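Atoms within a ligand are numbered from 1 in the order they appear, just like the ligands themselves. Below, all heavy atoms of this structure are taken into account, side chains as well, without hydrogens, waters or symmetry copies. Here the structure is a predicted model, which means the values were calculated and not measured.
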Amino acid sequence: MQLTKDQLQTINQSGLSRHETDFNYLLDKLLANGTAVEDVITRLADFQVAIPSWALGAGGTRFGRFSYHGEPASLEQKLDDVGVLHALTQTAGAVSLHIPWDIPTDYAAVRERADSLGLKFDAINSNTFQDQHGADHSYKHGSLSAGEEGARRQAIEHNLEVVEIGRRLGSQSLTVWLADGTNFPGQRNFQRNLLQTQDSLQQIYAALPDDWKLYIEYKPYEPNFYSTVIQDWGTSLMLANACGDRAFTLVDLGHHLPNTNIEQIVATLMLKGKLGGFHFNDSKYGDDDLTVGSTKPYALFLIFNELVYGMRNNPQNPDLAWMIDASHNVKDPLEDLIQSLEAIQIAYAQALLVDQEELARAQEAHDVVRCQEILQDAYRTDVRPLVQRARLSRGGALNPLHAYRKLEVRNELIRERGKHTVATGL
Ligand code: LRH
Ligand code: MN
């Protein structure tokens, strides 16, 4: 299934006059504030988020999984689904693969399909949190942190194979997330585990192609519930520093203990030039992998406010990798991802409206009330007409969710794929 720009322009017709009214109303307010509106629209249109290949089917938990119909049953069909998201939103121009869930059979065909859909391959993910059939060694007691030389060697080899797969697809970064940890006090030696992990990551880093980056993702718990080797941003940063200049910390929004100030972590990592990228999602309790902006939209805005400041003031930090990492237990996976992409665009647009100079003056003057007013004026601005404008400027849908339903995309996918196809992934 592919959507054409003509199809979308036809569907957009009915909403254009409403959009014009809303846009012009907002334009007046922004021009009065001296906002560089065209610059904001261009930045929104250029902002591309990678879609996780493991989140195009129904997700589940240990308590069960409720399948969704018309799921992509192959890597090619997954690319088609990301292609639909990109056609509608014009902000999903990349895909992040997970190995072994997405091993290509025909590299040339996969690259060609991605090219035809306007998709790039962003960071590729290794997987040493599941044992593969026929594997010589189990990761039950650790992978890159394992004491057993065999398991560690196997895990390092797997990461190098993943890099080779990514290299053949045009990806230029590897994301390593380790489930390695313990469930009980005394179960393993913290220091030996960290040293073995550091040594393993250094071996992987040393084998990376010169133009590649390594993203080290941290997580406080799950699937281990007493300790996790790479538990927090500090540990990830230490390991990235131990590897080298092309190793960075990856921030998954769901990988923080309750009430963690994530925007401060973002500011610190950007100042140190070690923020590599994001796995966007939302959560109320743990690593819930919910729709971005569905539970804590203000927290997302505050994170983007630090990102906008960092992108203007921290040339030492490289361009960031923007990725979603979510799991869809009750929603249509594509509708869930459309909502996440919208929430990311809205938070970025709001952050671009923050008068950073005015904020700096108020901070200087310790005018605490004014500081909050400046942030919340931007946050309380309905920026959706700006986000729509950016989409329209690239031939996207005025309202992607409306277009997705009007075009009956899910029903068409079921017609093409049947009701019982199951996507690989979580
Ligand atoms: C771990 C994680 C990691 C992925 C996995 C699918 O919780 O966030 O990024 O490998 O989800
Ligand atoms: Mn993640």
Side-chain angles (χ1 to χ4, degrees), residues 49-62 65 78 94-103 121-132 139 142-145 155 158-159 162-163 165-166 171 173-181 197 201 204 213-225 227-233 235-236 239 248-257 260 262 265-266 269 275-292 300 303 320-329 333 336-337 340 344 423-426:
V49 178
I51 303 296
S53 63
W54 60 91
L56 293 163
T61 71
R62 60 187 165 163
R65 178 182 182 279
K78 288 185 177 189
V95 60
S96 182
L97 300 188
H98 218 298
I99 305 297
W101 297 332
D102 304 306
I103 298 179
F121 289 97
D122 204 315
I124 189 162
N125 299 263
S126 60
N127 176 341
T128 58
F129 50 86
Q130 296 171 327
D131 285 345
Q132 303 309 318
Y139 296 136
S143 63
L144 296 182
S145 72
H158 164 71
N159 277 277
V162 170
V163 169
I165 292 170
S171 174
S173 48
L174 168 70
T175 294
V176 173
W177 167 67
L178 290 188
D180 295 25
T197 301
L201 288 170
I204 294 167
K213 292 178 184 151
L214 172 63
Y215 298 139
I216 302 172
E217 184 176 3
Y218 58 89
K219 184 174 181 177
Y221 70 94
E222 190 205 39
N224 283 293
F225 296 102
S227 75
T228 297
V229 176
I230 310 180
Q231 60 166 324
D232 60 11
W233 68 273
T235 308
S236 167
L239 292 166
F248 302 92
T249 291
L250 187 139
V251 176
D252 183 313
L253 299 187
H255 293 185
H256 300 88
L257 298 175
T260 298
I262 303 175
I265 294 171
V266 167
L269 290 170
L275 179 63
F278 284 87
H279 279 180
F280 290 114
N281 47 54
D282 208 339
S283 51
K284 183 140 184 75
Y285 303 104
D287 188 19
D288 310 342
D289 280 342
L290 300 173
T291 315
V292 181
L300 183 68
I303 289 168
L320 294 158
W322 313 105
M323 296 170 277
I324 290 173
D325 183 359
S327 175
H328 324 289
N329 301 345
D336 197 328
L337 290 163
S340 283
I344 292 168
T424 56
L426 279 183

Nearest non-hydrogen protein atom, atom 3 (C) of ligand 1: E217 OE1, 3.4 Å
Residues D122 and S96: side-chain donor-acceptor under 3.5 angstrom: no
Atom 4 (C) of ligand 1 [closest protein heavy-atom partner, distance rounded to 0.1 Å]: H98 NE2, 3.7 Å
D325 atom (N/O/S) at minimal separation from the Mn ion (ligand 2): OD2
Per-atom contacts, ligand 1 versus W54 - under 4.0 Å to a heavy atom: 6 (C)
Closest approach of any protein heavy atom to atom 7 (O) of ligand 1, naming residue and atom: K219 NZ, 2.9 Å
Geometric class of the F225/Y221 ring pair [parallel <30°, tilted 30-60°, perpendicular >60°]: tilted
Ligand-side contact atoms (ligand 1) for residue partner H279, heavy atom cut-off under 4.0 Å: 9 (O)
Of all N/O/S atoms in D252, the name of the one nearest the Mn ion (ligand 2): OD2
Non-hydrogen atoms of Y139 and Q130 that approach each other most closely: CD1-O, 3.7 Å
Any N, O or S atom of H255 closer than 2.8 Å to the Mn ion (ligand 2): no
Check: N125 N/O within less than 3.5 Å of ligand 1 N/O: no
Where P52 and D325 come nearest, the two heavy atoms and their spacing: CG-CA, 4.2 Å
Shortest non-hydrogen contact between S143 and L178, atoms and distance: OG-CD2, 3.6 Å
Contact check: D287 to the Mn ion (ligand 2), N/O/S below 2.8 Å: no
Proximal heteroatom of H279 relative to the Mn ion (ligand 2) (N/O/S): ND1
Sub-4.5 Å side-chain heavy-atom contact between I51 and I324: yes
Minimum-distance pair of heavy atoms, taken over all atoms of S340 and T291: OG-CG2, 3.4 Å
D252 neighbourhood, listing ligand 1 atoms whose heavy-atom distance to it stays under 4.0 Å: 8 (O)
Shortest-distance N/O/S atom, E217 versus the Mn ion (ligand 2): OE2
Contact summary for A123 and M323, nearest pair of heavy atoms: CB-SD, 3.9 Å
Taking every non-hydrogen atom, the tightest pair across N224 and A179: ND2-O, 2.7 Å
Side chain, backbone, both or neither: the part of D287 lying under 4.0 Å from ligand 1 by heavy atom: side chain
Close N or O approach (D325, ligand 1; < 3.5 Å): yes
Donor-acceptor side-chain pairing of W54 and D102 below 3.5 angstrom: no
contact_flag H255 ligand 1 heavy-atom lt 4.0 Å: yes
